[in-house]
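Comments concern the structure below.
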2 protein chains.
Amino acid sequence: MSGKKSSLTVADVARAAKVSKATAARVLGGYGIASETARKAVLEAAETLGYQPNDLARSMSTGRSGLVGVIVGDIENAFFSQAVRGISDRLRAADLNLIISNSSERLSEEIEMVSVLLRQRVAGLIVAPTDARRVDHLKAAVASGTPVVTLDRRSPDLEVDAVCGDDRGSVAQVLHRLHEEGHRRVAYVTAMMTADGRLGKLEDIGISAVRERISSFLAQMRDTGVETPADLVFTGASDDGSTADIVTRILAQSPSITAILASDSLIGARIFRELSDRGLSLPQDMSLVSWFDADWTRVTSPRISVVDQPTYQFGQKAAERLISRLKGDDSPAQTFVVATPLVERGTIGAPKGRGPVEIPD
Amino acid sequence: MSGKKSSLTVADVARAAKVSKATAARVLGGYGIASETARKAVLEAAETLGYQPNDLARSMSTGRSGLVGVIVGDIENAFFSQAVRGISDRLRAADLNLIISNSSERLSEEIEMVSVLLRQRVAGLIVAPTDARRVDHLKAAVASGTPVVTLDRRSPDLEVDAVCGDDRGSVAQVLHRLHEEGHRRVAYVTAMMTADGRLGKLEDIGISAVRERISSFLAQMRDTGVETPADLVFTGASDDGSTADIVTRILAQSPSITAILASDSLIGARIFRELSDRGLSLPQDMSLVSWFDADWTRVTSPRISVVDQPTYQFGQKAAERLISRLKGDDSPAQTFVVATPLVERGTIGAPKGRGPVEIPD
DNA sequence: ACAACTACTGAGACCGGTCTCACTATACAT
DNA sequence: ATGTATAGTGAGACCGGTCTCAGTAGTTGT
């Protein structure tokens, strides 16, 4: 029954309340002072007129924008959507809203999104940078006064707060546990693409979390006697077909691989499905550990052992840091490492037919 | 090496290019006409100065904002995050960005978010309304000129485009299939809360998709001879504990319930886990069909039969409709029903110990 | 009674764009 | 030569808020 289309402004309210635009603005905007009389008149006029403030105009004149930009690799992935929820919940409490963007893990898109968000004059940015070596666009954002917090990943070139999991530590923990159980050759499977499907130089891995994990993986495997651990890293598990290929290659390796590490829950699900389809039973025929405690990991039999990355908390913490920066905190940039414990369920077991004895070449 | 903090404006560029602010704005804004000479000078000046347009100011003066508000029940839920991805992909192609909000399926929050988004002067709204009977806030948005599209749900009070699944049809299809297999008493489990844990009046169900499905469920069951089908609807399956209780109640019912319909993938996963934990095997001891084809449904054994709601497409379609409205399409509001086929996998089977024979009371 | 201070107010500049409009060239028609 | 388009331009109003600043009450001090 009200509000046609032309938006009414403080000026309209002021007129109705018979005060100046400045006074009406003070009351409506909640700043400065106004007499009780004026306040009541304005509020009443605003009420009956159905005044709705225009935040666009507000942020224009204040410079502050109440919007935070978030750039993730893929919201569809529970890893990120959970983090986004954490971010959203924290932001909401601070009266901030969130603009979501998807980089699809492509640098060019990430750069484009940063530019768009900066044009929108977002108050800050929470980003999962897709390439730790190419962060000029983020540096520029910081330089121009927009605080940035990185999520799940970090770049040595970027002096901003970061919230990460303990990537190196979790790999070490998982491998140690598997070694204990008797596993000597373990595969690491990641969705990351490489030119020839083989692992190249570590420095060429853009996503820092992946790099850290693989680096830790290689070091650990070498330590426990594997001579060419790079052969145990399988890249490009980005869909069902490529994952099936990888599983085939894993099963074909000799001396045989007895356990698989899945870099994320999507890969974990695919590998699990692939193994079951081939009639293998876990953990007898193969042990499996996946990163991220997705829904499905407690629904399989046996249940999947996971490295639990509490991404909701990642998100919360990242939002907290950003809010704190927005409030003027200018302490040195810090990296917050969130514990990512191994949750052992049913897919870790002794490799079939052999115990802790090393198999000779 | 550039861009300190004070933002530079068209005026600055104009000065550097020795043209008027108006001309510089025309070149930079890509509207009106300008000579080749002027254009080059402005572009060059903008380049060397590192000019970044201010979209805030732009939308202020144009009135249009390049931002679309999206309100979902819970981004963490794959159902919605997938839809958001669909929305995001389509919006991006139309140079629109997306502000995400979570209503947590609470009307009060939904109302608040609509208000916030409207203040931000979003160009349009895509909403999964949590209560079809309380849509005044959305009506107001439409009345004030902000197009709205509802996602997965619709309200008879709201004359806007809606993108929904075929809720009635899918229930009918699933029940028909189960009936064929010999099932007579089927349970429907939903997360929706009711005051006393029992199903009240249908009209009191706020989420239209849920209401449609339950309504269809009741009708079908009654048609096939169940006298009090409301006893077969279990509400409040919102967490592990309450779902466990419901499973207990389902298993205790007599004459016995032989199949379960899970209203969403979260519930489906919980029920599956609960049934396995109790040593029941599917589909021999119980048939199960879940709505939404989540990741995990192909990872269990047996694989879960699902009603496939292609929410990515829901999202795409919704975004498409909104974009079309934004472009001025003012044809009558329409509801787009996306097919949601039953994908039969391993959890539909004949009920144990009895075939298509009706059991006497 | 006059100064000094406080509480409140309104006029108007400002944020950084868009966009209207009046105006100057030059081109073409008659 | 005069009239009439047509391309290009700049001055300045405008969007809807915020915020500075000068000014008007009213209060208190001495």
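Keep in mind that this is a model prediction, so the values were computed, not measured. We name chains A, B, ... by the order of the sequence lines, and we start the count at 1 in each one.
Under the side chain to side chain donor-acceptor pair (under 3.5 Å) criterion, A:R85 pairs with A:D89, B:D74, not counting sequence neighbours. Considering only residues two or more places apart in sequence or on other chains, B:R134 meets the salt bridge (charged side-chain N to carboxylate O under 4.0 Å, His left out) condition with none of them.
At least one side-chain heavy atom of B:L158 sits less than 4.5 Å from a side-chain heavy atom of B:T150. The side-chain heavy atoms of A:V116 and B:D95, taken from C-beta on, include no pair separated by under 4.5 Å.
We find that CG of A:L28 is positioned 12 Å from C1' of D:dT18, with the value rounded to whole Å. Atoms CZ (B:R121) and C1' (C:dT18) sit 18 Å apart, rounded to a whole Å. The separation between A:K18 atom NZ and C:dC8 atom C1' is 20 Å, rounded to whole Å. In this structure, A:N54 places its CG atom 12 Å from P of D:dC15, rounding to the nearest Å. For the pair B:Q120 CD and D:dG17 P, the interatomic distance rounds to 13 Å; values are reported in whole Å. Nucleotide C:dC19 holds its P atom 15 Å from the CD1 atom of B:I33, rounded to whole Å. Whole-Å rounding puts the A:Q52 CD to D:dG16 P distance at 14 Å.
Side chain of A:T9, nearest nucleotide from D:dG16, D:dA11, C:dA11: D:dG16. The side chain of A:S7 lies closest to D:dG16, out of C:dG17, D:dA11, D:dG16.
The side chain of B:Y31 contributes an N or O atom lying less than 4.0 Å from OP1 or OP2 of C:dT18. Side-chain N/O atoms of A:S35 include none lying less than 4.0 angstrom from OP1 or OP2 on C:dC8. Applying the 4.0 Å criterion to OP1 and OP2 of C:dG17, one finds that B:Y51 has a side-chain N or O inside that range.
Counting any heavy atom pair closer than 4.0 Å across all strands shown, A:A11 reaches no nucleic acid atom. Residue B:A34 is in sugar-phosphate contact alone, with no base atom involved, counting any heavy-atom pair closer than 4.0 Å across all strands shown.
Contact of A:K21 with C:dG10 (side chain to base): no donor-acceptor pair of N or O atoms is detected under 3.5 Å.
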Listing time: all N or O pairs from protein to nucleotides 21-23 of chain C that are below 3.5 Å?
none

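Applying the salt bridge (Lys or Arg N to Asp or Glu O under 4.0 Å) rule to pairs touching residues 145-160 of chain A yields A:E105-A:R153, sequence neighbours excluded. The list of salt bridge (Lys or Arg N to Asp or Glu O under 4.0 Å) pairs with a residue in residues 323-333 of chain B, not counting sequence neighbours, reads B:D161-B:R325, B:R321-B:D329, B:R325-B:D329.
Between A:S101 atom OG and A:L117 atom CG the span is 4.5 Å, to the nearest 0.5 Å.
Without hydrogens or angle criteria, B:S59 side chain to B:D55 main chain gives a donor-acceptor distance under 3.5 Å.
Remark: the A:E110 side chain and the A:S103 side chain contain no N/O donor-acceptor pair separated by less than 3.5 Å.
Residues from residues 55-66 of chain B with heavy atoms under 4.0 angstrom of DNA chain D, sorted by number: B:M60, B:S61.
A side-chain contact (heavy atoms from CB on, under 4.5 Å) with B:V70 holds for exactly one of B:I99, B:V127, B:L98, B:N102; it is B:L98.
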